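A short write-up of the structure that comes next.
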Amino acid sequence: MTVLPGLWARSDTRSKQIQELDKHIIDKCELVELNFHWPRFVGKNGRIDFHGQQKKSTALRLYTNKGAIGWGLSHPKATDLFPLLKNKKVTDLILPEIGIVDGLDNRVDFALHDLMGVILNQPVYKLIGGNGTNETPIYSGMIYLDELNPGNETKGIDAILENCQWDVDYGYQQLKVKIGRSGRWYEHDKGLAKDIEVVKLIYHSFKDKGVEVLVDSNDMYTLDGTIKFLEGIGDMPLYWVEEPFREEVEAGKKLKQWMLQNGFENTFYADGESRPDFEVCLGLGKQQLMDVFLPDTYGYGFSKWLKLMPELKRIKMLSSPHAWGNRLKTNYTAQIAAGLGNVCTVEGVTCLSEDIDYGNYPMINGKIKVSDAPGFGMKILKK
């Protein structure tokens, strides 16, 4: 049997990595509560009430007998996992390109990947394959129904435009706009009309700056409502339609067929963020009907994405792992994009924190550049 030189070198590198990881045994685990905040108050979407501004997250930090430290987003009640981690070799828990071992809880996924990268002095994206690009388009996920926020009674839609301007000034060239007002907060016809008005106004206000618009109705439309919305915005370009309604085979087929026949052939249909039905979503993907799959970076699991992405590539379905709520998830998704490829855009969540150094993930011309620092390249500043 002939072994290609490149494959041999890769195998030799992998063997050395495993030998190095095998020297490290986890001897301490701890949870750290981290404070952060969004740059502005975030209001309602079509389904959920005010999101607020001041936030907390929990990190799992792992220490090895050789002095290596790794950390990642976890859960406040993850102490039940400590006995599964302590006194274990790192190789018993995680391996490059494979991720955490089968059966291990997602709550340890990010900390173990970060620890692996620190031990091997490599960014995570290289350890999971390095098959993507180092810069990926990024959108602001923070344009909500801001006319309903406290204090915006007199501003109305101008409040939304102000927030769009802030995001564009920050560096975003894609804006995801929440729609679905007719679901809870408006009478149906008035809500639909307001959605159309807001999206058209944002597009015409920023099109000269090259800004792309995405919309997300958080499952609060029906098929008929989605079509009426698209008819209402007319021929304006739209990057994607996200979660128009709960994913369903016949409705998904009808929506995509209507889009192809009515001028939205270049608009992606994206779904699968919230409690996705994998059979339905992947079935629609195989038929080239659903274009982008969105399971959450944390909720679904970082290692599970390593296993899912080859299947998405095989059926020619793009991805954009959901990252809303936390800048950590945005940066984790940038690592997925650089490591696995097939990510069309990353959900940007602008966060400020005295407890977290988010690392070197700059936005350049509307794209997020992945960090080349070991692990995920972020630090806990909280003492």
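Small disclaimer: the values here were computed from a predicted structure and weren't measured. Keep in mind that the numbers below use all heavy atoms, side chains included, and drop hydrogens, waters and symmetry copies.
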Fill in: Closest approach of Leu294 to Ser320 (non-hydrogen atoms, all atoms of both residues)
CD2-O, 3.4 Å
Discussion item. Has Gln19 got a side-chain atom pairing as donor or acceptor with Gln17's backbone, closer than 3.5 angstrom?
Written reply: no
Fill in: Crowding at NZ, Lys313 (>12 non-hydrogen neighbours, <6.0 Å)
yes
Discussion item. In terms of relative ring orientation, are Tyr144 and His51 parallel, tilted or perpendicular, with 30° and 60° separating the classes?
Written reply: perpendicular
Discussion item. Apply salt bridge (charged side-chain N to carboxylate O under 4.0 Å, His left out) to residues Glu147 and Lys194 and explain how you reach the verdict.
Written reply: CA-CA 10 Å; Glu147 79 278 11; Lys194 182 66 71 174; over 6 Å; no
Discussion item. Using the rule given for side-chain contact (heavy atoms from CB on, under 4.5 Å), can you reason through Ile94 versus Val101, listing the C-alpha separation, both sets of side-chain angles and the distance that settles it, and then say yes or no?
Written reply: CA-CA 6 Å; Ile94 189 169; Val101 298; over 6 Å; no
Discussion item. Nearest 0.5 Å, please: how far is OH in Tyr361 from CZ in Arg327?
Written reply: 8.5 Å
Worksheet item: Are any side-chain N or O atoms of Tyr298 and backbone N or O atoms of Ser74, one a donor and one an acceptor, separated by less than 3.5 Å?
Response: yes
Worksheet item: Can you name the nearest heavy-atom pair linking Ile128 to Gly339, along with the distance?
Response: CG1-CA, 3.7 Å
Worksheet item: Around atom NZ of Lys382, are there more than 12 heavy atoms of other residues, nucleotides or ligands at under 6.0 Å?
Response: yes
Worksheet item: Mind checking whether Trp240 and Tyr139 have ring centres under 6.0 Å apart?
Response: yes
Worksheet item: Stepwise, does the salt bridge (charged side-chain N to carboxylate O under 4.0 Å, His left out) test hold for Lys176 with Glu347?
Response: CA-CA 9 Å; Lys176 187 173 83 172; Glu347 181 164 26; 3.5 Å; yes
Worksheet item: Does the side-chain contact (heavy atoms from CB on, under 4.5 Å) test come out yes or no for Val199 and Val215, once each step is laid out?
Response: CA-CA 8 Å; Val199 171; Val215 297; 3.8 Å; yes
Item to complete: Please lay out, stage by stage, how Tyr172 and Thr350 fare under the test side chain to side chain donor-acceptor pair (under 3.5 Å).
Response: CA-CA 10 Å; Tyr172 291 107; Thr350 309; 2.8 Å; yes
Practice prompt. Check whether more than 12 heavy atoms from other residues, nucleotides or ligands sit under 6.0 Å from atom CD of Glu354, and answer yes or no.
Written response: no
Worksheet item: Can you name the closest pair of heavy atoms from Ser319 and Leu312 and give their distance?
Response: CB-CD1, 3.9 Å
Discussion item. Is there a continuous path of hydrophobic side-chain contacts, each under 4.5 Å between heavy atoms, that joins Val177 to Val346?
Written reply: yes
Item to complete: State plainly whether one hydrophobic cluster holds both Ile25 and Leu81, where clusters connect Ile, Leu, Val, Met, Phe, Trp and Tyr through side-chain heavy atoms under 4.5 angstrom apart.
Response: no
Worksheet item: Same cluster for Ile100 and Trp305 if Ile/Leu/Val/Met/Phe/Trp/Tyr side chains link at under 4.5 Å?
Response: no
Worksheet item: What's the shortest heavy-atom distance between His113 and Val124, and which atoms?
Response: O-CG2, 3.6 Å
Worksheet item: Glu187 side chain to Asp189 main-chain N or O, any donor-acceptor pair under 3.5 Å?
Response: no
Worksheet entry | Donor-acceptor contact below 3.5 Å, side chain Lys55 vs main chain Asn326 | no
Worksheet item: Which heavy atom of Met116 sits nearest a heavy atom of Pro96, and at what distance?
Response: SD-N, 3.6 Å
Worksheet item: Is the backbone of Trp38 close enough, under 3.5 Å, to the side chain of Gln53 for a donor and an acceptor to pair up by distance?
Response: yes
Practice prompt. Take Ser371 and Asn331 through the side-chain contact (heavy atoms from CB on, under 4.5 Å) test and state the conclusion after the steps.
Written response: CA-CA 8 Å; Ser371 171; Asn331 292 355; over 6 Å; no
Discussion item. Between Glu247 and Tyr269, is the side chain to side chain donor-acceptor pair (under 3.5 Å) condition met? List the steps.
Written reply: CA-CA 11 Å; Glu247 58 261 18; Tyr269 167 27; over 6 Å; no
Discussion item. Between Phe41 and Phe50 (judged by ring centroids, cut-off 6.0 Å), do the two rings come close enough to count as a pair?
Written reply: yes
Worksheet entry | Rounded distance [0.5 Å steps], OG1 in Thr297 versus CH2 in Trp324 | 14.0 Å
Worksheet, complete the sentence: Residues Glu97 and Gly129: closest non-hydrogen pair is CG-N, 4.0 Å
Worksheet item: Quick check: does any side chain N or O of Ser140 sit under 3.5 Å from a backbone N or O of Leu175, one acting as donor and the other as acceptor?
Response: no
Worksheet item: Is there a side chain to side chain donor-acceptor pair (under 3.5 Å) between Tyr221 and Asp195 once you walk through the steps?
Response: CA-CA 11 Å; Tyr221 273 173; Asp195 284 347; 2.6 Å; yes
Worksheet entry | Centroid-centroid under 6.0 Å between Phe376 and Phe302 rings | yes
Worksheet item: If we only count heavy atoms from C-beta on, is the Val370 to Pro123 side-chain gap below 4.5 Å?
Response: no
Item to complete: May I have all residue pairs that pass ring pair (Phe, Tyr, Trp, His ring centres under 6.0 Å) and include part of residues 55-84, sequence neighbours excluded?
Response: none
Item to complete: Look only at the side chain of Asn218 and the backbone of Met220, and say whether a donor-acceptor pair between them is shorter than 3.5 Å.
Response: no
Worksheet item: Is Glu279 atom CD crowded by more than 12 heavy atoms from other residues, nucleotides or ligands, each under 6.0 Å away?
Response: no
Practice prompt. Answer yes or no: does atom NZ of Lys307 have more than 12 heavy-atom neighbours from other residues, nucleotides or ligands under 6.0 Å?
Written response: yes
Worksheet item: Under a 4.5 Å cut-off applied to non-hydrogen side-chain atoms, are Leu85 and Val108 in contact?
Response: yes
Fill in: Pairwise side-chain contact, Leu84 with Asp105, heavy-atom cut-off 4.5 Å (strictly under)
no
Fill in: pair Met236-Lys207: side-chain heavy atoms closer than 4.5 Å
no
Discussion item. Test your reading of the model: is there a side-chain donor-acceptor pair from Asp109 to the backbone of Ser303, 3.5 Å cut-off?
Written reply: yes
Worksheet entry | For Glu231, side chain to side chain contact (heavy atoms under 4.5 Å, CB included) partners two or more places apart | Ile227, Lys228, Trp258
Worksheet item: With respect to His24, which candidate in Val118, Val90, Leu62 satisfies the side chain to side chain contact (heavy atoms under 4.5 Å, CB included) definition?
Response: Val90
Discussion item. If hydrophobic clusters are built by linking Ile, Leu, Val, Met, Phe, Trp and Tyr wherever their side-chain heavy atoms come under 4.5 Å apart, do Ile179 and Leu223 end up in the same one?
Written reply: yes
Response to the item:
Output for pair (Asp219 CG, Glu243 CD), nearest 0.5 Å, gives 4.5 Å
Discussion item. Return the NZ to OG1 distance between Lys256 and Thr267, rounded to the nearest 0.5 Å.
Written reply: 7.5 Å
Item to complete: Supply the atom-to-atom distance Asn365 CG to Glu135 CD, rounded to the nearest 0.5 angstrom.
Response: 8.0 Å
Discussion item. So, taking the atom named CG in Asn131 and the one named NZ in Lys126, what distance separates them when rounded to the nearest 0.5 Å?
Written reply: 13.0 Å
Practice prompt. Decide, yes or no, whether a salt bridge links Arg107 with Asp80 under the criterion of side-chain N to carboxylate O below 4.0 Å.
Written response: yes
Worksheet item: Donor-acceptor pair, Asn152 side chain versus Asp146 backbone, under 3.5 Å?
Response: yes
Worksheet item: Could you go step by step and tell me if Asp296 and Glu273 meet the side-chain contact (heavy atoms from CB on, under 4.5 Å) rule?
Response: CA-CA 6 Å; Asp296 188 81; Glu273 167 203 323; 5.9 Å; no
Worksheet entry | Cluster overlap Val292 with Val349, hydrophobic side-chain contacts below 4.5 Å | no
Practice prompt. Report yes or no: does Asn106 contribute a side-chain atom to a donor-acceptor pair with the main-chain N or O of Tyr300 at less than 3.5 Å?
Written response: yes
